[in-house]
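All remarks here apply to the structure that follows.
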Amino acid sequence: MNSLTQIKGARFVVLLALFSLPAGQSVAQAVPAAHSIKPKTERVKPGDVHFEDIASQAGLNALNVYGSDSHKEYIIETTGNGAIIFDYDNDSWPDIFLPNGSTVEGFAKEKDKAPTGHLYHNNRDGTFTDVTLQAGLARAGWGQGGCVGDYDNDGYLDLFVTYWGQNVLYRNNGDGTFTDVTAKSGLKTSKDEWSTGCSFVDYDHDGKADIFVTRYVEFSYDSVPRPGQGRWCQWKGINVMCGPRGLKAALNALYHNSGDGTFTDVSQKSGILNTTPCYGFTSLTADFDHDGWPDIYVACDSTASILYHNNQNGAFTDIGKKAGVAYNEDGSEQAGMGLSADDFRHSGHQDIVKTNFSDDTPTLYLNRGDNDFDDVTYRASLGKIKNWLGWGVQFYDFDNSGWPGILIGNGHVYPEVDGKGLGTSYREPKVAYYNLHDGTFANITSDAGAVLGQAHSGRGMALGDLFNDGHEEALVNNMNEKPSLYYNTSPIGNWISLQLIGVKSNRAALGAVVTLEQGGDKHENDRREMEVRSGGGYISQSDLRLHFGLGKSSRAEKIVIRWPSGLVETLTDLPANQYYMVREGSGVDQSRTHGVSSVRINVPGAVAK
């Protein structure tokens, strides 16, 4: 069956309308009103945004190693690494973990030179210290991405790192160190797998964080042809590494938390395997349909993406095609990479942005509720750039206006494209889109600081207020380079930040849905929904604290928290520019509330707009 008959694409609707227009009726009149994306406010001008890359200044100096930088012989050399921001020592200052890769040749003869991931401890003064060895996280191999969650509910965030090989679950010991409990917990697989994205998610609401793992392809060095030797080993006349097409898709996995420190593979039992093959990258968890249960969306490379709908009985059903998120609006498969979810229209529903391969656009799916999404990429003015290859992506409120924009990290998989006159390159710039409040975005890249135009082969991206000053930073893991850390030096609006602590729910409050309502009785309520989630970006992890921009508002008027346990709590009249800890069933913990830190990030040579 042609995929156009399986989905509900907007262009398909328009084509049907064209062939059935009554005399005198316009195309605009023929398109159903439900396809409008007009929100509750009018268009604004982009605010001042000026980014500087402060990674080196902050002490993030370790080199990423990921295959050859000039020629890719195998697909394993192309996918790169995620980026992880999490507060591993509970000091309220987010720390950083950057997974690392390897080379085809390996480091058998020079094991002491083998690259490892790097854990950076936040010094609370604008800098970080590499504490990888002390923490017990110096593991070599083809690292991929990672995610965090508190699987044993002891109050400390644990770290799950994906690999081509064996994934690793690191239990947080609570003293600044981690222990590899992969085998003990039942997560070691019978054969090596290529896992990419992951998410801790309490899918059955038993108060314990389970683990979902996304997998890419079945791969070994001797199982694939060499560049140029097969149908899927050329790109625009250039001999390139082979795949993923032509390779066997790996199988996603779901592990149920038994509550005794072990996990059980329930992939078959839960229906995770009952879907078409997928070259999976990023997983994104959210209660997209407001039924109170977390669903899982997977960005798939060169295959239809998957939306695992939670059936509330321990099982899932793939409804991606029916919901309109398996393909783009033309009914075409895309090569999906990264994912982010946020309520960009203030509608009270979480929308999705997905990055894709070169010669395609990112995809923006507007969530209308009831598992009904529309591809509004072109209507939102995100369809103009097609020559970059997108990876890391985040809905990102650059200036705390309260309306999330979008930041995309780009980079090609083929170094061989350089110098070939193809209108693209291996290292590529970032792209920043400002939310104009009317359902559309403006490309502000050229006005938001020269560093966004600097070329890198970027991969994973994570967000977090690393310096507790009200600014969210974007951390990007770059292929065969040092990371980037983007800081907005321009003035920002007011904000609040919420850290949620589960009691009956899982301790990290994964799956808690928070809605900020502003406006009161003056006009129709302005509602923005966010969710505490593990995973996302591109096989990455952002700070679990929820950061709401408030613009010029001096307080958050009403915040409604729907905990995974089903408890609903309402907070009112919270002063702006504060960090709040909220404990399930107890409201705000006043002893853990604090304002902006004394740290001020001064960037030498930076010129704010």
Side-chain angles (χ1 to χ4, degrees), residues 49 51-53 55 63-72 75 77-83 98 101 235-236 238 240-241 281-282 299 301-302 334-340 353-364 377 381-394 396 398 405-434 441-462 474-486 537-540:
V49 179
F51 283 108
E52 294 291 338
D53 184 351
L63 179 70
N64 175 274
V65 176
Y66 212 90
S68 170
D69 196 37
S70 58
H71 170 68
K72 303 294 187 184
I75 191 172
E77 300 178 77
T78 65
T79 54
N81 302 109
L98 292 171
W235 191 74
K236 296 189 176 183
I238 303 172
V240 296
M241 62 80 189
F281 273 134
T282 306
D301 183 2
S302 306
Q334 295 177 290
M337 309 295 181
L339 294 170
S340 183
V353 63
K354 176 168 67 74
T355 51
N356 299 297
F357 199 78
S358 181
D359 295 333
D360 199 355
T361 69
T363 309
L364 181 63
T377 305
S381 300
L382 298 180
K384 298 178 181 179
I385 298 177
K386 296 184 178 181
N387 53 328
W388 304 138
L389 197 165
W391 295 90
V393 61
Q394 294 288 351
Y396 186 0
F398 310 124
I406 297 172
L407 183 65
I408 297 175
N410 303 295
H412 220 289
V413 295
Y414 309 131
E416 296 82 1
V417 302
D418 286 342
K420 299 298 191 302
L422 298 175
T424 190
S425 58
Y426 179 57
R427 288 180 168 83
E428 299 173 344
K430 307 292 183 292
V431 179
Y433 293 99
Y434 195 91
F441 295 82
N443 184 343
I444 62 167
T445 309
S446 61
D447 298 320
V451 294
L452 294 187
Q454 294 175 358
H456 304 280
S457 194
R459 293 300 188 263
M461 180 188 297
L475 172 70
V476 179
N477 209 344
N478 297 312
M479 293 271 283
N480 294 302
E481 290 186 79
K482 296 177 182 180
S484 296
L485 183 61
Y486 296 104
Y538 166 70
I539 61 176
S540 294

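Throughout, numbering of the chain's residues begins at 1 and tracks the sequence.
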Review point. Going by heavy atoms in the side chains, are Leu422 and Trp235 under 4.5 Å from each other?
Key: yes

**Study point:** Considering all heavy atoms, the nearest Met337-Ala299 contact
**Key:** O-CB, 3.8 Å

Practice item. Ignoring hydrogens and angles, tell me if any N or O in the side chain of Trp388 forms a donor-acceptor pair with the backbone of Pro429 under 3.5 Å. Key: no

Review point. Taking C-beta and beyond as the side chain, do Tyr538 and Val476 meet within less than 4.5 Å on heavy atoms?
Key: no

Review point. Can you find a pair of side-chain heavy atoms, one from Leu364 and one from Phe441, that are under 4.5 Å apart?
Key: yes

Check your understanding: If every non-hydrogen atom of Ala83 is compared with every non-hydrogen atom of Ala462, which pair is closest and at what distance?
Key -> O-CB, 3.6 Å

Review point. Given the rule in the ring-ring contact (aromatic ring centres under 6.0 Å, His included) test, do His456 and Tyr426 qualify, once you have shown the distances and angles that lead to the verdict?
Key: CA-CA 8 Å; His456 304 280; Tyr426 179 57; over 10 Å; no

Review point. Where do Tyr434 and Phe398 come nearest, in terms of heavy atoms and distance?
Key: CD1-CD1, 4.0 Å

Review point. Is Lys236 salt-bridged to Asp359, cutoff N-O under 4.0 Å?
Key: yes

Check your understanding: Heavy-atom distance under 4.5 Å between the side chains of Tyr414 and Ser358, does that happen here?
Key -> no

Check your understanding: Between the side chain of Ser540 and the main-chain N/O of Gly82, is any donor-acceptor distance below 3.5 Å?
Key -> no

**Study point:** Ser340 side-chain N/O to Gln394 backbone N/O, donor-acceptor pair under 3.5 Å
**Key:** no

Exercise for review: Ignoring hydrogens and angles, tell me if any N or O in the side chain of Asn64 forms a donor-acceptor pair with the backbone of Asn480 under 3.5 Å.
Suggested key: yes

**Study point:** Flag side-chain contact, heavy atom, 4.5 Å: Phe51 against Lys430
**Key:** no

Check your understanding: Is any side-chain heavy atom of Phe281 closer than 4.5 Å to a side-chain heavy atom of Leu339?
Key -> no

Check your understanding: Can you name the closest pair of heavy atoms from Gly338 and Thr282 and give their distance?
Key -> CA-OG1, 3.7 Å

Review point. Could you state the interatomic distance from CG (Leu407) to CD1 (Ile444), rounded to the nearest 0.5 Å?
Key: 9.0 Å

Review point. Going by heavy atoms in the side chains, are Met241 and Ile75 under 4.5 Å from each other?
Key: yes

Review point. For Leu382, does its backbone N or O pair with a side-chain atom of Thr377 as donor and acceptor, under 3.5 Å?
Key: no

Review point. Out of Asp418, Asn410, Asp69, Asn478, which one pairs with Arg427 under the side chain to side chain donor-acceptor pair (under 3.5 Å) rule?
Key: Asp69

Practice item. Nearest 0.5 Å please: distance from the CE atom of Met461 over to the CD1 atom of Ile539. Key: 13.0 Å

Check your understanding: For Glu77, does its backbone N or O pair with a side-chain atom of Lys72 as donor and acceptor, under 3.5 Å?
Key -> yes

Practice item. Please report the C-alpha distance between Leu98 and Asn81 in whole Å, then the side-chain angles of each, then the deciding distance to 0.1 Å, and finally whether the side chain to side chain contact (heavy atoms under 4.5 Å, CB included) criterion is met. Key: CA-CA 8 Å; Leu98 292 171; Asn81 302 109; over 6 Å; no

Exercise for review: Mark yes when over 12 heavy atoms from residues, nucleotides or ligands other than Lys386 sit less than 6.0 Å from its NZ; otherwise mark no.
Suggested key: no

Exercise for review: Heavy atoms only: give me the nearest Ser70-Pro415 pair and the separation to one decimal.
Suggested key: O-CB, 3.4 Å

Check your understanding: Under 4.5 Å between any side-chain heavy atoms of Ile385 and Asn443, yes or no?
Key -> yes

Point to revise | Side-chain donor/acceptor of Asp53 to backbone N/O of Leu485, under 3.5 Å | key: yes

Review point. For the residue pair Leu389 and Glu428, what are the closest heavy atoms and their distance?
Key: N-OE1, 3.0 Å

Check your understanding: Thr78 side chain to Val413 main-chain N or O, any donor-acceptor pair under 3.5 Å?
Key -> no

